[in-house]
Amino acid sequence: AVQADLPNTITRGVALSNLPFLMSLADVPVTGLTVSATISKDGGAFAACANSVVEISSGMYRINLTSTEMNATTITLRFAATGSDDRFLSIVTQPT
């Protein structure tokens, strides 16, 4: 399972691989989406993520975040796709 590979603590400035998230429409998982990912670091404007979103299955998707993208205290991700509700995730990192 992808989630089992996640660290217990997310460290600032360290790349984060295989971050899983669910895409759904009215709480029903949606497959086959082309998902765009944007990131806001420490309350800044949203900008495109460096890596593309990859579908896992059953409405689950994943993304790899670079060390540059992870170089902030508070990170907010927005995942959007036609045919799905937007998904927002916030991460609070720990210092190295």
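Everything numeric here is computed off the predicted structure, so don't read it as measured data.
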Next on the checklist: Walk me through whether V14 and M70 qualify under side-chain contact (heavy atoms from CB on, under 4.5 Å).
Outcome noted: CA-CA 6 Å; V14 176; M70 294 299 298; 5.8 Å; no
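- Between F88 and F46, the ring planes are perpendicular. Angles over 60° get that label, and only those under 30° would be called parallel.
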Item to check | Step-by-step side chain to side chain donor-acceptor pair (under 3.5 Å) determination, R62 to S17 | outcome: CA-CA 8 Å; R62 66 178 172 83; S17 297; over 6 Å; no
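- A single hydrophobic cluster is seen to contain both L77 and F21, as judged by linkage of ILVMFWY side chains at heavy-atom distances under 4.5 Å, directly or through other members.
- Listed by chain and number, the residues in a salt bridge (charged side-chain N to carboxylate O under 4.0 Å, His left out) with D85 amount to none (sequence neighbours excluded).
- Between S84 and M23, the shortest heavy-atom contact is OG-CE, 3.4 Å.
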Item to check | Trace of the side-chain contact (heavy atoms from CB on, under 4.5 Å) decision for N51 with T66 | outcome: CA-CA 8 Å; N51 294 310; T66 67; 3.8 Å; yes
Next on the checklist: I'd like to know whether L19 forms a side-chain contact (heavy atoms from CB on, under 4.5 Å) with I91, so could you lay out the CA-CA distance, the side-chain angles of the two residues, the decisive distance to 0.1 Å, and finally the verdict.
Outcome noted: CA-CA 11 Å; L19 177 67; I91 299 169; 4.1 Å; yes
Checklist entry - When you look at F79 and I63, which way does the side-chain contact (heavy atoms from CB on, under 4.5 Å) test go after all the steps? => result CA-CA 10 Å; F79 301 104; I63 191 167; 4.0 Å; yes
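- Between the CG atom of N18 and the CG atom of N64 there is a distance of 5.0 Å, given to the nearest 0.5 Å.
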Extract all donor-acceptor atom pairs below 3.5 Å that involve side chains of residues 27-39 and protein atoms in other chains or at least two apart in sequence.
| residue | atom | partner | partner atom | Å |
| --- | --- | --- | --- | --- |
| S36 | OG | A80 | O | 3.3 |

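- Atom CG of L16 and atom OG1 of T11 lie 9.5 Å apart (nearest 0.5 Å).
- Here CD of E69 is found 12.0 Å from OG of S40. Values are rounded to the nearest 0.5 Å.
- Of all heavy-atom pairs spanning K41 and A72, the tightest one is CB-CB, 3.7 Å.
- Hydrophobic cluster membership is shared by Y61 and L25, with clusters built from Ile, Leu, Val, Met, Phe, Trp and Tyr side chains linked at under 4.5 angstrom.
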